Student: 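Before I ask anything, let me first share the structure, which is written out below as structure tokens.
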Amino acid sequence: MPELPEVQTLVNDLNAAGVVGETITTARVFWPKTVAEISPQTFCRRIRGKTINAIRRRGKFLVFDFLDSGHLLIHLRMSGRLRLASPESKRSKHEHIILGLGNSRQLRFHDTRKFGRLFLVDDSQHILEKLGIEPLESSFKAGVLADVLAARKRQLKPLLLDQAVIAGLGNIYVDEALWEAKIHPLRVSNTLSNAEVNALHRAIPRVLLRGLKNMGTSLGSGKANFYSVARRKGRNQDQLNVFRRTGSPCPRCQAPIERIIVGQRSTHICKNCQKL
DNA sequence: GTCTATGTTTGCGG
DNA sequence: TCCGCAAACATAGA
């Protein structure tokens with residue numbers, strides 16, 4: 001389920017596929033709740049005729065900017081996927097929204113668990129302004145991270161998962177970054193030393209860029225798995241050091257990886273490398 | 001068949 | 001402010 005590297009992979013693939021410049025000629029909604037804030041009828045009426053001027057990412061949102069005005073924001077939540085398909089191919093039962101791009105291809109939103117949402121808005125600020133720092137931008141400085149950690153007194157892992165603080169991290173990459181930085185997920189945010197903050201500041205972009213380079217993490221064989229637009233899997237699952245590797249030896253010290261629960265989320269650590 | 005876990009987010013109560 | 005819990009759903013795996 002998509003985090004920053006998976007969403008960025010989709011954005012890159014949509015751009016490479018020449019979706020920018022296309023005009024949305026048709027829109028059909030098969031599961032009404034997938035459309036956020038407005039009715040499916042309004043969504044279809046308003047999106048028809050829009051030309052896509054740019055496709056980008058903010059946090060875990062895909063952002064489509066339209067030429068004249070407005071934006072389409074897509075949040076994939078747990079199991080959302082996007083794919084490009086020909087109009088002839090049969091709709092699968094989990095494809096909830098189909099946007100026609102001319103008459104040669106379609107952009108389809110597929111979502112087994114139906115938590116994903118599409119927002120069609122004139123002004124995207126009311127959604128995007130809630131998001132915190134972008135961890136791959138140059139504004140993500142060690143001092144900025146130090147400030148946000150010091151400003152709160154929270155368990156480190158739930159804080160890193162909080163999209164209002166840092167945008168784009170999810171369960172996989174937080175576990176990986178904490179292992180990389182040798183910091184325990186239950187540490188309280190305002191008690192990290194400068195050296196620890198610096199280690200975390202280096203680890204976060206490192207694990208995200210590795211995920212991006214590998215075109216995302218696709219775990220297992222389930223229907224909710226991550227696929228990019230041409231139904232291609234990522235290969236970052238082969239590079240994970242701790243996530244879902246309970247019982248395997250820590251790549252650094254060989255102690256067995258343990259699974260604990262932190263903030264109701266499954267969490268993977270090396271007890272030896274990440275001391276409380 | 002039954003039970004549990006799941007990569008996300010939001011809203012509620014304490 | 002912060003934390004825990006439940007809910008929005010469907011599926012896989014034990």
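Just so you know, these numbers come straight off a predicted model, no measurement behind them.
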Student: Over how many whole Å does the gap from A:Leu4 atom CG to B:dT8 atom C1' extend?
Tutor: 14 Å
Student: Considering every strand and a 4.0 Å limit on heavy-atom distances, what is the contact class for A:Glu6: base, sugar-phosphate, or nothing?
Tutor: nothing
Student: Under 4.0 Å, counting only non-hydrogen atoms across every strand here, what does A:Arg244 touch: a base, just sugar-phosphate, or nothing?
Tutor: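 The residue A:Arg244 makes base contact.
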Student: Look at the side chain of A:Arg113 and the base of B:dT6, then say whether one donor and one acceptor between them are separated by less than 3.5 Å.
Tutor: yes
Student: How many whole angstroms separate atom CG of A:Asp111 from atom P of B:dT9?
Tutor: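 Roughly 13 Å, once rounded to whole Å.
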Student: Quick one: A:Leu161 CG to B:dT9 C1', roughly how many Å, whole number?
Tutor: 11 Å
Student: I want to verify a distance call: between B:dT8, C:dC5, C:dC2, whose nearest atom is closest to the A:Glu3 side chain?
Tutor: B:dT8
Student: Please report the distance separating the P of C:dA6 from the corresponding atom of B:dT4, rounded so that it comes out in whole Å.
Tutor: 13 Å
Student: Take atom NE2 of A:His110 and atom P of C:dC9, then tell me their distance rounded to the nearest Å.
Tutor: 17 Å
Student: Would you say A:Arg265 reaches B:dT8's phosphate, i.e. side-chain N/O to OP1/OP2 under 4.0 Å?
Tutor: yes
Student: Taking for each residue the nucleotide of DNA chain C bearing the nearest heavy atom, is the 5' side occupied by A:Lys33 or by A:Gln155?
Tutor: A:Gln155
Student: Base, sugar-phosphate, or nothing for A:Phe226, non-hydrogen atoms under 4.0 angstrom?
Tutor: base
Student: For A:Phe115 and B:dT6, give me the distance from atom CZ to atom P, rounded to whole Å.
Tutor: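 In whole Å, B:dT6 P lies 14 Å from A:Phe115 CZ.
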Student: Take A:Asp13 and A:Arg232, measure what salt bridge (Lys or Arg N to Asp or Glu O under 4.0 Å) needs, and give me the verdict at the end.
Tutor: CA-CA 10 Å; A:Asp13 284 359; A:Arg232 189 200 60 228; 2.9 Å; yes
Student: Given the rule that a pair is Watson-Crick or G-U wobble with both distances under 3.5 Å, how would you write DNA chain B in dot-bracket, using | for pairs to a different strand?
Tutor: .|||||.|||||||
Student: CZ of A:Arg28: more than 12 outside heavy atoms within 6.0 angstrom?
Tutor: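 Counting other residues, nucleotides and ligands, CZ of A:Arg28 stays at 12 neighbours or fewer.
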Student: With respect to the side chain of A:Thr112, which nucleotide from B:dT8, B:dT6, C:dT11 is positioned closest?
Tutor: C:dT11
Student: Quick one: is A:Lys93 getting a side-chain N or O under 4.0 Å of the C:dA10 phosphate, OP1 or OP2?
Tutor: no
Student: I'd like to know whether the aromatic ring centres of A:His96 and A:Phe30 sit less than 6.0 Å apart in this structure.
Tutor: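 Not close enough - the centres of the two rings lie 6.0 Å or further apart.
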Student: Taking atom P of C:dC2 as reference, at what distance in whole Å does atom NZ of A:Lys157 sit?
Tutor: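 After rounding, the reported distance stands at 19 Å.
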Student: With a 6.0 Å cut-off on the ring centroids, do A:His75 and A:Phe119 count as close?
Tutor: no
Student: Look at A:Lys114 and C:dA8 and indicate whether a side-chain polar atom (N or O) is within less than 4.0 Å of OP1 or OP2.
Tutor: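 False: A:Lys114 side-chain N/O out of range (4.0 Å or more) of C:dA8 OP1/OP2.
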Student: Would you say the side-chain atoms of A:Thr42 and A:Ser39 include a donor-acceptor pair closer than 3.5 Å?
Tutor: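 Yes.
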Student: Does A:Arg202 pair with A:Glu180 as a salt bridge, N-O distance under 4.0 Å?
Tutor: no
Student: Can you check the A:Trp31 CH2 to C:dA8 C1' distance for me, whole Å?
Tutor: 10 Å
Student: Atom CZ of residue position A:Arg91 - does it have more than 12 heavy atoms of other residues, nucleotides or ligands inside 6.0 Å?
Tutor: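 Check passes, neighbour count above 12.
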Student: Could you give the CG-to-P distance, from A:Asn171 to B:dT9, as a whole number of Å?
Tutor: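 Between P of B:dT9 and CG of A:Asn171: 11 Å.
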Student: So, OP1 or OP2 of B:dT8: does either fall under 4.0 Å of a side-chain N or O from A:His75?
Tutor: no
Student: Around atom CG of A:Asn194, are there more than 12 heavy atoms of other residues, nucleotides or ligands at under 6.0 Å?
Tutor: no
Student: Is the distance from OP1 or OP2 of C:dC3 to the nearest side-chain N or O of A:Gln264 less than 4.0 Å?
Tutor: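 Result: no.
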Student: Under 4.0 Å, heavy atoms only, any strand: does A:Leu219 hit a base, just the sugar-phosphate, or nothing?
Tutor: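 Here A:Leu219 touches the bases of the nucleic acid.
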Student: Looking only at the side chain of A:Arg77 (C-beta and beyond, no hydrogens), which of the listed nucleotides C:dC2, B:dT10, B:dT6 gets closest?
Tutor: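 Shortest atom-to-atom distance from the side chain points to B:dT10.
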Student: Phosphate oxygens OP1/OP2 of C:dT11: is one of them under 4.0 Å from a side-chain N or O of A:His94?
Tutor: yes
Student: Select from A:Thr217 and A:Lys130 the residue whose nearest nucleotide in DNA chain B is closer to the 5' end of that strand.
Tutor: A:Thr217
Student: Quick check on A:Lys233: does its NZ atom have over 12 non-hydrogen neighbours (other residues, nucleotides or ligands) under 6.0 Å away?
Tutor: yes
Student: Does A:Ser266 have a side-chain nitrogen or oxygen under 4.0 Å from the phosphate oxygens OP1 or OP2 of B:dT6?
Tutor: yes
